[in-house]
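Note that the structure is a prediction, hence the values are computed from the model and not measured. Sequence lines set the chain letters: A, B, ... in the order given, protein chains first and strands last, and positions in each chain run from 1.
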Amino acid sequence: MSGNRDRTISVVLNVHREGALVLPSLASIAAAVAVAEARGFDVEVLAVADRPDVATRDALAGWTGCPLRVLEVDNGDLGRSRNDGVAAACGTWIGFLDGDDLWSSDWLAAAAEADLASGAPTVWHPEVNLYFGARPALMRHPDWDEPGFDLAGLVEKNFWTALSFARRAVYLATPYRANELANGLGYEDWSWNMATIAAGCRHKIVPGTSHAVRQKANSLGGETKRVAALPHPSDFADLLRAPRR
Amino acid sequence: MRAAARLVSGLMRLPGLGGRTVARLRGFAWRLSGEGRTAEDEAARKARDVSARAAAARGLAEFRTLDPWFDETGLADVSGLKLRRSDRFGPVSAALRRAIADLHGVDHLVFFEAARLKDADDVAAGAEGRVALVATEGVCVVTSPAGPVVRFAEVLPRASEDEARLLVEMLIRAVVPRRITVVDRIARRVVERHASAIERNHRVDLR
C-alpha cells in the first residue's frame, strides 16, 4: 500500500472452517486486487478467522498470492466477526467476502468507482449472484432506483447478500448484530440491510459485476431457517408507513 | 391479461382448495393482473434480466479458472439456469403495506380467529389506547376501531396459514404495539416461536 487513504479499499475475508476452500476465495481476491490497483486504488487484505480449524489456519498461512493480514477471533458469530474486520480495517471502503465464495475480478474497482460517482450514502451489491454446488441458480439483485422496486418486500424476503461494499463509515455507523438463534433472532445480513436503510443508506447494484456463492449442506443460513428465526427488530418498518416510493 | 387474472382469482375462491394452492393461484393472479407495476417496469425488468445473464456468463468464465473444484459442480454454462430476482413484491407485501397504513399508531393488537370474535371484542372493550383486532383464520381481516368507529378492510382474502403467519410476524414488527393479545392459534404459534424476541419488546397476553 502506498498510504493513499482516500483511495484505499480494505478487503475483509471472513473465514471459519472452510479449509482449502479458502484458497479459491483468496485467488479471487488477488485477481480483484490486481484490477483495482491497475485502476489506481490501494488495497489491503484482511482475513478474520473466527475459531478456525487447523486446515483453515494452514491454508491462510500458506497463501502467498497477495499480502494478507490474519486476525484470529473467538466470536463464534459472523456478525461480530464482520464488526471485528471493520474495526481492524484501514481503508476508505470495505468489501466483504465469505471464506468459500468468489468475486468477479472487476468487483472492487467497479464498486469503488461507482461509490466515488455517487453523491449519497450507498451500499453496493453485485448485479448477479451465481449459486454453485448443491443447487445451481442465478439470482439478480434489485437496484434501489429500478422501476417497480418496492421496499415493502424486504420485510418478506432479504433482497441482498452479505457480500456488500460500502464506505467504512457506513459499517461503523451501523454495526452488525450478533446472531441469537437460541432467541429466535438471526439473519445478520438481512437485519443489517434493513438497519442501514433505516439509517438513510440506499442499496444499489454495480452493473456487470457478479459473485459466486457456494451452496453448502450445513450452512448458517440453513440453521437459521431451521429454527425459524426472524431478523432483528429495526426502525426499518417505520419507513413503510410512508407512501410507496 | 386482466381478464385472465380475474378468472384465476375466481378459481381461488372455489371451496375445498388447500392453502398452498390458494397462495399459488393468488401469486399467479397477481402476476397476470400487473398490479404494482407498469409496462415500463416490465420492459426494464426484462432488460435487467438480459444484463444479469450476461454478467453471470462473464463471471462464470472467471470462476472456473479461480476455483480448481468449480468444474466438479458440473456447472459449465449459465444458459440453463433459472434467473431469480432476490426481491419480492407481491400480494402479501401489498397486503402488509395496506395493513401497516391501517394500523398506524395502534397501541394494542388483538389477533383472533373468527370463532372467537366475541373474546376479541371483550379484550378490545377493556383496552387502553388505540386497539386493532386482526383476524387471521382463512380470511385475514383487519378491524381497526380507531375511537368508536369500527372499520373493516379486507387485507388478504383467504390467506394461507403461512401467509397469515408472515403477516402476523410483520405486523408485530411494523406496528410495534405496546401490547399484544392473542386469541388465535396462528398468532399464538408465531408468538410462542419467537417468544423471547417478542416479549422483549411487547407486553404479550396469550388466551
Side-chain angles (χ1 to χ4, degrees), chain A residues 20-21 23-25 27-28 31 102-105 126-134 136-143 146-150 152-161 180 182-185 207-212 214 228-234 236-238 240-241 243-244, chain B residues 36-38 40-45 48-49 51-60 62-63 65-70 73-75 78 80-90 92-94 96-97 100-101 103-105 166 169-170 172-176 193-198 200-201:
Chain A
L21 291 178
L23 296 173
S25 299
S28 159
L102 308 167
W103 289 333
S104 60
S105 60
E127 181 173 4
V128 66
N129 292 301
L130 172 59
Y131 289 90
F132 69 106
L138 299 177
M139 189 178 76
R140 174 164 82 70
H141 276 144
D143 186 282
E146 78 181 55
F149 176 77
D150 195 313
L154 188 57
V155 295
E156 194 176 337
K157 192 166 184 251
N158 187 17
F159 287 177
W160 302 285
T161 64
E180 300 174 42
N183 291 328
L185 293 170
T209 58
S210 59
H211 291 173
R214 196 180 302 268
L230 287 174
H232 285 271
S234 78
F236 172 78
D238 291 344
L240 302 182
R241 298 188 195 109
R244 183 180 172 187
Chain B
R37 63 187 190 275
T38 64
E40 282 179 348
D41 294 344
E42 279 299 285
R45 184 184 65 80
R48 296 186 75 92
D49 285 353
S51 171
R53 262 191 195 284
R58 285 194 304 275
L60 178 68
E62 287 192 53
F63 301 142
T65 65
L66 292 168
D67 185 340
W69 301 289
F70 198 94
T73 66
L75 189 56
V78 299
L81 294 183
K82 184 165 183 175
L83 177 67
R84 297 190 173 92
R85 301 177 66 199
S86 63
D87 60 330
R88 179 185 293 165
F89 187 84
V92 177
S93 306
L96 179 67
R97 197 180 260 290
I100 288 171
L103 297 177
H104 178 57
L166 177 70
E169 288 180 359
M170 294 306 154
I172 290 172
R173 200 179 317 169
V175 175
V176 200
R193 192 173 62 177
H194 306 301
S196 54
I198 288 174
R200 193 185 302 164
N201 298 303

For this session: For each of Ser51(B), Ala56(B), Gly80(B), Gly59(B), tally heavy-atom pairs with chain A at distances under 4.5 Å, and name the one with the top tally.
Result: Ser51(B)

Problem set entry | Side chain, backbone, both or neither of Leu102(A) within contact of chain B (heavy atoms, under 4.5 Å) | both

Problem set entry | Residues that Arg85(B) engages under side chain to side chain donor-acceptor pair (under 3.5 Å), provided they are two or more places apart | Glu146(A), Asp87(B)

Exercise. Can you say whether Ile172(B) sits under 4.5 Å from chain A via the side chain, the backbone, both, or neither, judging by heavy atoms?
Worked result: neither

Exercise. Has the side chain of Arg53(B) got a donor or acceptor atom that lies under 3.5 Å from a matching backbone atom of Leu81(B)?
Worked result: yes

Exercise. For Asn158(A), is it the side chain, the backbone, both, or neither that has a heavy atom closer than 4.5 Å to a heavy atom of chain B?
Worked result: backbone

For this session: Spell out, as yes or no, whether a donor-acceptor pair under 3.5 Å connects the side chain of Trp160(A) to the backbone of Pro142(A).
Result: yes

Exercise. In terms of side-chain geometry, is the basic nitrogen of Asp49(B) or Arg45(B) positioned less than 4.0 Å from the acidic oxygen of its partner?
Worked result: yes

Problem set entry | Residue Ser25(A) versus chain B: region with a heavy atom under 4.5 Å | neither

For this session: Answer with side chain, backbone, both or neither: which region of Ala137(A) has an atom nearer than 4.5 Å to a non-hydrogen atom of chain B?
Result: both

For this session: Could you check which of Lys157(A), His211(A), His141(A) has the highest count of heavy-atom pairs closer than 4.5 Å to chain B?
Result: Lys157(A)

Exercise. Is a donor on one side and an acceptor on the other found under 3.5 Å between the side chain of Glu62(B) and the backbone of Ser105(A)?
Worked result: yes

Seminar exercise, completed: Checked Thr161(A), Leu154(A), Val128(A), Leu23(A) vs chain B; the most non-hydrogen pairs under 4.5 Å come from Val128(A)

Exercise. Which of parallel (below 30°), tilted (30 to 60°) and perpendicular (above 60°) describes Phe159(A) and Phe149(A)?
Worked result: perpendicular

